[in-house]
Amino acid sequence: MTAGAWLFIGPAWVIILGACAITLSALVKHSSK
Amino acid sequence: MSEKRENWGSKLGLVLAMAGNAVGLGNFWRFPYQLASNGGGAFMIPYFGALILMGIPLMFVEWNLGRYGGKYGHGTLGPMVYLQAREGVKPKSAALIGALAGAIAFGVTVLVNSYYNHIIGWTLGYGVSSLTGAYMDPSMKTVDFFVNYIQSPGKVFTFWLISLGFLAFVAMRGVQKGIEAFAKIMMPTLYVFGLILIIRVFTLDATVNPDWTPIAGLNYVWEPKWDQLTWKGALAAAGQIFFTLSIGMGIICNYASYLKHDDDIVLSGITTVSLNELAEVILGGTIALPIAYVFLGPEGFGAGVGFSFIALPNVFRAMPAGQLFGSLWFFILFFAGFTSAIAMYNYLVALIQEELGVVRQKAAIMVFILYILVGLPVGLESIINKTADLAYLTEVDNWVGNYLLVVLGFIEVCVAGWLMKDKALVEINRGSYWKLPTWFFKLFIQFLTPIVTATLLIFSTRDFWKAGYFKWVPDFVAGTPVLIPWVQAGRIVVIAVIAIGFFQAYNTIKKKYGHELESGKISVRM
């Protein structure tokens, strides 16, 4: 795959998967308090 | 209202329901097409820009409208907007703003769902057809299978009515036992099916053409094409954000009205956005187009309806175990569509509960009948005329599924930022696990979001004008005279439904807050 495509897919996946992981774990943590 | 106001059962249930509300057909077929035809990877720049400038701020605004309105017993947008607008303008003016907002939300929930229910019927029909192998016969072109489907009263009505009946059943069971319970099943299933399909995509061999590999397909979609990144592409990105997050429809507000007054908004809202983007960018951006590329090459991409129901069945025909993977794809669409349709359905249930004081079960049946009535023209157009243009659907969708979402979003953010002002920030942060900083409120909700939304509205109006959508005979139907009356009927229906929505919303506001409108002073506070 070209560098151009990676430049966009890579960050998009990292940001979105990261956001899901952070927000869901924060929600679980707060809900169990 | 005789019934006690319902609440969500758990944080996870709420977030899955809200994610279901947002995640819909737009994530899986609208997004991939927008991405591929508006600059590929470069499209992600205006897309993320619109997400940050409009999507996320409006998500907070809508959750807040809903939770605040729910405290006063309201599940519909008219009174919700009134309650916040009256903080900044006289009650009479606030009532007019509320009525306008309520009118648009009424229009969207009645009319978008009038055709959305049909489309989820198609996804269900195609899911079953995948399992039975009905479109697998290579002697029949997939386009003919689709045309035959939408022109066949048996197929159209069967799956439409099953979908509607299922929606009524879930709505009758209520917020916790209905919407939340089914979201807890459908949403995880959707993500699991999506993961299976992604794995399938990347294990496909290039059987048709050695250059048509899944990676080449992904590359084709995501490679930035800077010359295609035009102002039109930026508008498409902004419109996609509205549609994909279900903002500007009143349905996020309705779900938020079942929150307790000090339930979290900020973290839950951001989680909803994240889950939507997971379905959109990661699943939607990775499954459909690369899978099509392997079997159909660069010419296999297409738009919306045609792509999902005509191009992709060709792919499932060609791939090993295509019946199984085809059914996974169409059931993903069904679950995504269903969990959005139930949100629009529930909005009208809440409206009828509040307006007429009837119990949920009775209201759900009334909405079922309403959707049959408004859905009939959508289904009958192709059956009666033996056409496949879906012109009535196109006309209605242009207004309530597109343009008016942005109008409503603009009204909402102005009310929050400029009428309710600092009180809106206090409310958003009440009970929230993550606090929204003051600078975010001032920079986005008071400044950037209104400006960007207004800009989007101005340029969308210009584009609509140039595309001939405002004409009494819009350009897109001028070439098919037999469908002109259907399009004109669609426009009359849109105007009539919005007018009814306006009077209904104003009436609801006046019933509870009439003395405020007369005295010019706020007297009802909870």
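The sequence lines fix the lettering, A, B, ..., with proteins before strands; numbering per chain opens at 1.
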Legend entry - B:W222: which of A:L7, A:I9, A:T2 passes side chain to side chain contact (heavy atoms under 4.5 Å, CB included): A:I9
Inset, instruction - Give a yes or no on this: more than 12 heavy atoms of other residues, nucleotides or ligands lie within 6.0 Å of atom CH2 of A:W6. - result: no
Inset, instruction - Going by the side chain to side chain contact (heavy atoms under 4.5 Å, CB included) test, name the single residue among B:L267, B:V15, B:L275 that passes it with A:T23. - result: B:L267
Inset, instruction - Side chain from CB out, backbone as N, CA, C, O: work out which of these in B:F48 comes under 4.5 Å of a heavy atom of chain A, or both, or neither. - result: side chain
Legend entry - NZ/B:K232: more than 12 non-hydrogen atoms of other groups inside 6.0 Å: no
Inset, instruction - First locate atom CG of B:L283, then atom CD1 of A:I16, and finally report the distance between them rounded to the nearest 0.5 Å. - result: 10.0 Å
Legend entry - Heavy-atom contact with chain A under 4.5 Å, split by part of B:T286: side chain
Inset, instruction - Quick one: pull up OG in B:S274 and CG in A:L24 and give me the separation to the nearest 0.5 Å. - result: 7.5 Å
